[in-house]
Amino acid sequence: MDSAHHPVASTDEGAWQGATRVVRAGLPDAVPGTPYLPGPVFAAPYHAPGDPSQSPYTYGRFDNPSWKGYESALMSLEGGPCVLFPSGMAATAAVLATLVPPGASVLMAAECYYTTRVMATQTFAGGWFASQGMQVVQAPTANDGILHALEHWSGPLAMVWLESPTNPQLDVCDIAAIAARAHALGAIVVVDNTTATPLLQQPLSLGADVCVVSDTKAMTGHGDIVLGHVAVRDGAHADALRMWRTRMGVIPGPMEAWLAHRSLGTLHVRMMQQCRTAQVVAEFLAARAASGSVVRNVRYPGLPGDRAHVLALRQMTHFGGVVSFELPSADAATRFFAASQLVYEATSFGGLHTSAERRARWGGDAVNEGFIRLSVGLEDVNDLVRDLAQALDAI
Ligand code: PLP
């Protein structure tokens, strides 16, 4: 097999900083005449005579060099083996399906991503998988709600599902403390790390067993890919997840894997800029709120007065690119979007274009009608603040 299609982790990777890792991780050795990042490999069958175990690749549903390249880059960031999936929800489904035994209980953050809660409570605990008998109990993320639920837990527990910071309310939980308590109960801990990315927060090194990320968001950052991954500490978990992917056929496209690997190279510069701008935007919105304008309840883990700040400081290196705030009503939000020139009204977050949405339009989150989730992009910070100011004035 062509070495360009066998990404080899450099022996120096262990000492690299995040900025270096995102640029270089998962790239093959520098073989003259080969590209830095070999293009996507499109193949269903591969040449594979005789004993299939002698061929590195045999069939496109089993493995793919473009997945492997991105997975090996992710491993360098996450600190454990990674398995790529075609979306964040495919990654979430694989974890719930393979790592929770039949009839077992899951303690889940009550404000984690809405579709994750729906999948757990309506799909795995009811619906198609009702016969599996999964029990889902929810506890609040803020104010150590999950830790308290664990302290009072009686009976067996298979998994604790966390999200920190949560989407869209941006609450934070103490991953290390929860992991210690959950492990004492024999449960594994999963963290949905989508809002932070492994660059800002490393759940596995904080004690979590599994980390789930929607790469659709900041990981790829250009708003053009849907993808997800799972990082684990235990190789047996990675094997189970790969087996699920192969058997169920929930496989990512080679093109998406390659685009994600290419986009990863700018993750550090994108995230650092988005974090800097988000801090300025959050402070601007908080000042507006303090002066009695239409803005209320600004949430950003980087604001010193935010209830998530102290914990976020301890377990995150930076605070991310998402800010939330409230306007008085759905109508006020409509006027805000109509007046803004730089804020795309769109769902999702983490991309290079600033976007926002009124979350209550979807239902499912305990937020009021004027709650806005704002994803800060890469536009000039002064342009952005000026645009936000005039859009808020127009309300
Ligand atoms: N987890 C979080 C925190 C999310 O915000 C999302 C999507 O918005 C997902 C998981 C699901 O990811 P995907 O849309 O890639 O399936």
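Indexing begins at 1, ligand by ligand and atom by atom, following the structure's order.
Note: Tyr344 and His353 have tilted aromatic rings, judged against thresholds of 30 and 60 degrees for the angle between ring planes. Between His309 and Phe319, the ring planes are tilted. Angles from 30° to 60° get that label.
Of the candidates Tyr57, Tyr59, Phe62, Tyr46 forms a ring pair (Phe, Tyr, Trp, His ring centres under 6.0 Å) with just one, namely Tyr57.
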Tabulated below should be the N or O atoms of ligand 1 paired with protein N or O atoms at under 3.5 Å; can you produce that?
{"unit_1": "ligand 1", "atom_1": "1 (N)", "unit_2": "Asp192", "atom_2": "OD2", "d": "2.6"}
{"unit_1": "ligand 1", "atom_1": "5 (O)", "unit_2": "Asn167", "atom_2": "ND2", "d": "2.8"}
{"unit_1": "ligand 1", "atom_1": "8 (O)", "unit_2": "Lys217", "atom_2": "NZ", "d": "2.7"}
{"unit_1": "ligand 1", "atom_1": "12 (O)", "unit_2": "Ser214", "atom_2": "OG", "d": "3.1"}
{"unit_1": "ligand 1", "atom_1": "15 (O)", "unit_2": "Gly88", "atom_2": "N", "d": "2.9"}
{"unit_1": "ligand 1", "atom_1": "15 (O)", "unit_2": "Ser214", "atom_2": "OG", "d": "2.8"}
{"unit_1": "ligand 1", "atom_1": "15 (O)", "unit_2": "Thr216", "atom_2": "OG1", "d": "2.6"}
{"unit_1": "ligand 1", "atom_1": "16 (O)", "unit_2": "Gly88", "atom_2": "N", "d": "3.0"}
{"unit_1": "ligand 1", "atom_1": "16 (O)", "unit_2": "Met89", "atom_2": "N", "d": "2.9"}

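No more than 12 heavy atoms of other residues, nucleotides or ligands lie within 6.0 Å of CZ in Arg24, so this atom counts as exposed by the packing criterion.
One distance of note links CG of Leu388 with CG of Asp393; it measures 10.5 Å at 0.5 Å rounding.
Arg181 pairs by the salt bridge (charged side-chain N to carboxylate O under 4.0 Å, His left out) definition with nothing, not counting sequence neighbours.
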